[in-house]
Structures are given as C-alpha cells and as structure tokens.
There are 2 protein chains.
Amino acid sequence: MLSNRQLLVLQVIIDDFIESAHPVGSRAISKREDISYSAATIRNVMADLEDMGYLEKTHSSSGRVPSEKGYRYYVDHVIGPTIKNGKINIMKHLIQDEFMELEKLVQKSAEVLSDLTSYTSIILGPEIYDTKLKQLQIVPLSQHTAVAILITDTGHVEHRSFSIPAELHASDLEKMVNILNERLQGVSLVRLPEVLNSEVLSLMKIYVNDFEKAYDYLKSAFFNEQPSKLYIGGKTNILMQPEFKDVDKIRSFYSMMENENEVVNLLRNPQNGIQVTIGHENKLEAIKDFSLITASYHLGDDQMGTIALLGPTRMEYRKVITLLNALSNEMTEALYLWYKNNG
Amino acid sequence: MLSNRQLLVLQVIIDDFIESAHPVGSRAISKREDISYSAATIRNVMADLEDMGYLEKTHSSSGRVPSEKGYRYYVDHVIGPTIKNGKINIMKHLIQDEFMELEKLVQKSAEVLSDLTSYTSIILGPEIYDTKLKQLQIVPLSQHTAVAILITDTGHVEHRSFSIPAELHASDLEKMVNILNERLQGVSLVRLPEVLNSEVLSLMKIYVNDFEKAYDYLKSAFFNEQPSKLYIGGKTNILMQPEFKDVDKIRSFYSMMENENEVVNLLRNPQNGIQVTIGHENKLEAIKDFSLITASYHLGDDQMGTIALLGPTRMEYRKVITLLNALSNEMTEALYLWYKNNG
DNA sequence: TATTAGCACTCAAGTATCAAGAGTGCTAAC
DNA sequence: GTTAGCACTCTTGATACTTGAGTGCTAATA
C-alpha cells in the first residue's frame, strides 16, 4: 500500500512524464507548487517507489520514468475512481445525418476519435448478433453469371458474384431463392448455417434438381467468411510520438496493422467496461511498447463491438479513458435509437 | 548523344546503385568483368557524365549517384527498347476461381504485385465506362428505413440506407422503383444522371405524389459520390528501403496514402502504355523522392484502370516495367474474357 | 592521341576525449 | 522526519583525430 506522499509523487511523475516524455528529476518535482518537500525528500520517496517497482531509471543517475507497474497502479488507483460515466456528444452531429449507414457512422467515429487524441483508433463491429435476414436475392447478369445479395434487417448488404454451373437451370435457381426467402426470412444470421442445414436442405432435395451443387454454391457464397468490420483511424498518429523514431518499430507496427486478423483478435474483449492493457500485458509481440484501451458498446445484453485506442505506454490515460468511456456510452445510445427506428 | 562508352558506364553505375544504394566509385567499376578500362579512364567518363547532368556526387570526393536525368535516360534509352510485350501468368490462378469478383481479383493483383517487387502497388479501377444498370431495388427494412441497391451488369453492387420521409408513401416508393427500373435498365452508368433528369423526372411527376422529395432522395443516394475503387498493396514495403530511414519522410508518405483523392489524381493517366515519372517529375510534393510507374489496362478502346508501383527513385526499373507491362496485358485479357462471359 | 599510373587532396564516418549539466545517493546537520 | 551539501555517475554535445574511399589533375606510356 502506498502512503499519501508516495502516491502523490508517483502521480506527479507520471503526469509529468506523460506530458514531456523526459525522465523526471527530483528537483523539478520539488519546485512544483503542489509539492512542499525538498528535492532530497523527493529523492527518498522516489528511491522507495523504485524499490517497489513503480518507477525506473534509464541509467544510474537519470531521473525516474514510470514502469509498467507504475502505470498500472496509476490507472487502477488514481484514474479509475475518478471516471464519471458521461457523454461528450462527439457523435451528435454524425447521428443526425439520416442517410448515414451504421457502418459509415462507426467509421466516422474512428476518425473523430483519432483526431481527438493523437493515437490510433480501432473500432470493431458492430456485430449485431440478433441481426436477421431480411431478404436474399439472386440477380442473373448473364447466362453464366449472377450476383447474390443478402440484406439484413439492419440494412447491411453483402453480395457475391458467382458463375452459374451449366447443370443448374434457371428455374431451379429461382425455386431455390424462393425456398430460401420463405424459410430464412427473419432468421438470425448466426443461426443461418444451422437452419440452412436442418430445414432448407431437405426442402431443396425435393424441389430442386441438382440441389447439392446449388447448396454448395450458396453456402460458399455467403456463410463461410464472416468479414469482420474493422475501422482504423489515424494510423500515422503514432509517428508523431517521440518514442517511435525507430524504423524497425514503425515497420512492425504497420505490418501488424495490415493483418486484420491480428487486430481483431486484439480487440476481442470478453469483459465489459473499459479495459486497459499496458505494454507487456499485451499478448502480441508487436505492441509490447504500446498500451491499448478498449471499451465495448452494446445493444441490450449482447456485446456488439469494441472501440479501442492504441498508443505508447506513455499515454494520456485520463483523457483517453474518459473519452472512450463517453464514446462507448454514446454509441450504445445511438445504436439503441437507431435500432428502435428500424425494429 | 552519349558515346557507347559513356552509355556503358552510365548503365553500370545505375545498375550498381540500384542494387547497392551506395555511391559507385571508379575503381569498383573498372574491376568489373565487363569493363576493360582503368579507374582513371572511368573517372574521366564519369566527370563527363556529371557535366552532362546524368550523374551526381553526394559530396566532393564521393562516388557517383545517378541524377533524375540519369534515370530518365536510362529508362528511355536503355530499358525502354528492350521491353517485350509479354505476359507472366501472374493472374492465371486468380482468374480460375469462379467466385472471384472483378474487384477481388484486382485487389489480389495489387497484393501479388507488391509481393513480387518490394514497392507499394496501387491499382485504380476497373472503371467500366459502358457499365449498364441491371437492376435497382429498394428493400424496406422498417416503416421508416429502407435500403436501396443498385446492381450493374458487371456484378458490381452499390447500396445505401436511407430513412423514408413520412410524407412519402410506400406505394409511391414502389411506383418509383418500377418506373426507374423500366426506364433505366440497360442505361450506362455515366449517362444515369442525365437520363434521370430528361426521361424519368417527367414520368415521376405524373405518377408519384411528392415526387420531388423522392427524386432528391434517390439522387443523393446514388448519383453523387462516385467511389473510386482504389487498392493499395504493400504499404510497409517502402520502410524496407534504406532511403526512408527518416521519420518525417515516412510520415509524409503515409499521410499522402491515406488521402484517397490525392492518390487517385496521381494515377489518372491520360496516356496509354507504360508511364514512368521520376522524382521531381511528380507533381505531388510528398513523392518528390519517389518514382511512379503506371500502366493502364483496357477493355476495347476505353481505358479502364491503372496499375502503378511506387518506390524510391532508385527503383528496379527494368524488373518493374517488365512486370507492369505484363500485368497490364494480363488484366486486359482477363477483363476481355470476363466480359465475354458476362456480356 | 587515348589511356593509365601516381599522387595530393577532400570528405564522411567512426572513434576518442573532454566539459557541462542534470540527477542521484549518502551523510550529517537541523 | 526533513533537508542541505557534496561526491559521484551518466548523458549529451562539441571538438579533434584517424581512416578509407574516392576524386581530379598531371605526367608518363602505348
């Protein structure tokens, strides 16, 4: 347990370092208005904090720098309790645009978020779990090709072109689409493959010649790859940070960002609320120098998606956490409204 | 006009420099098997080439480095004549996938291209000028919202969600869609706004209540923004190049790449064939250190799109130009086949 | 006359040395 | 318990020196 004075010093050092990116010395601290101790006293406190693992030196006679443990303590005990559950109305003007699709809205939010901080923002989702199939259409383009279009009740549209096998007759295709629409309308997307197997397959056997081929086509066209909707904003922001002067670091960061799967895995956040992962707490090698703050947004009980900010461990935690918390609330609210209008 | 010897030396220097990224000295050249002159002779030649502006020194006693004029000469007179109009079958396996959409195919090509070189690849298009509208659909999602879907005869799908104004009745909406489909089917996309104005507007006046509102909605939903289909591959590749150690350069490069419009403008290439822009020949400040090689691919007479590679001025011109030339041929052929199947 | 060997000269880049400054830890005094 | 004082450490930037690669020029050579 830290004494009040230790806590104060830790806090001041972290605040200072977050702002300046330079190691903080005892004299600088003792000069501050809110500190009434001499440099020597501060030095003693700092030595204690270092022994406890909250601070580090860059070399034997340097000022102190927060360790990851220090940041952890700072986030958990200093910032955490002060966060109010507010909103800032970042998205207000975005939501008002009636043409705005859900996805555009999210994308826009990612941009705003990265502009507001100087970090990289990542937004995952929304994955609407009880999204239901609204309509399935197959529009023939020519004798050999057609485009399949899947529309959900949330206005999300997926499409896939495919060639029509010579064996499959146009009439069969039509029948198939009719069966599918009849049986699958209103079925939630996650249950689609299941229902397809249990209910539709048998029907197709009866009515559609060469149903297997058709079925295979259908399945591969829609139900294989679930594209994760990932929006990244401000990828160049980390280049502003003094800790990323090193080209190798930059490269490993950008390589990671280009790999969607890795980023998605990073964000899969089982817990609710704000989640802070500092430096080596991150499982991914490429971001051992980074901190990642994630927040989820919801509709009802289902987690819908994740907003995150990625920056150096020397991050403006207070600002970022407040912002992310607010935005997550706003998005939850916006989704609720949006959904009410569309439900 | 350069003498044979001068040309030889220029060529050797450029080849060497492209490979090593280090200034090339006279001794190194004279040691080469294909060079039978002493270092002193080479020095004289180099001095001449420098006077003519084809070479530069990095400092008064350094080896020589090609100037932009040098590269220009090299590209125009050394490489240009040797390029054969070949194909390499990069895309062969890509095209065989029957599910592949045109856009995916292009995207994949961009990836392959950047993997094959160590530069950044940019592909624009395909913009199919005589793409025709196949079908227009409006699927209501709820009382207040609907999603409009536009399908072209090339299998391209655009969609936009919008809210239905209270004043607009469902029956009107339906009527409108019917009118639109009837009148606009088969109309080429570029002529869409025009035909909309001339033919459809008057019809709508007659049959649809509150046609103006509906018309406005429609227009804003589809005909405003023409999304340019831009695919970029290997953005991290330039970080491998030794000339981009400087964080500022990296930042300005990535900032530019994030701005789609700028990139698109870069590629709008009025001419056919391969186009090489070296260093300061580029209009965009951010790529004054880069060379850009563009090639167009076609269907018939219309230019359809552009493939490009962006790398340092010290680029493997021979390899890149050969590759791009081949790929442009392949894409033209692939499009032809694709179109034949779909026409 | 064209080529080459030789030599003095230049510059970049790496290395060593030094001084200044910021900061520490410890001790002794308050 | 707090602080002043002091010796000590380490970084940083400046300066100088060395080395090596490379040049330009001149005079000798084929």
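Protein chains get the first letters and strands the later ones, always in sequence-line order, with residue 1 at the start of each.
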How long is the span from the CG atom in B:Leu292 to the CD1 atom in B:Ile278, to the nearest 0.5 Å? 10.5 Å

When rounded to the nearest 0.5 Å, the distance separating OG of B:Ser67 from NZ of B:Lys57 is 14.0 Å

Are B:Thr41 and C:dT4 close enough that a side-chain N or O sits under 4.0 Å from OP1 or OP2? yes

Could you write nucleotides 20-28 of chain D as a row of B, S and -, 5' to 3', where a protein heavy atom under 4.0 Å of any base atom gives B, of only sugar-phosphate atoms gives S, and otherwise -? -BBBBB---

Gap between atoms [atom1] and [atom2], on [X] and [N] respectively (whole Å):
X       : N      : atom1 : atom2 : result
B:Asp48 : C:dA2  : CG    : P     : 12 Å
A:His22 : C:dG23 : NE2   : P     : 11 Å
A:Ile42 : D:dG1  : CD1   : C1'   : 14 Å

Under 4.5 Å between any side-chain heavy atoms of B:Gln275 and B:Thr306, yes or no? no

Any salt bridge between A:Glu281 and A:Arg72, counting N to O under 4.0 Å? yes

With a 4.0 Å cut-off, would you call B:Arg64 and B:Glu50 a salt bridge? yes

Can you tell me how the ring of B:Tyr54 sits relative to the ring of B:Tyr73, calling it parallel under 30°, perpendicular over 60° and tilted otherwise? perpendicular

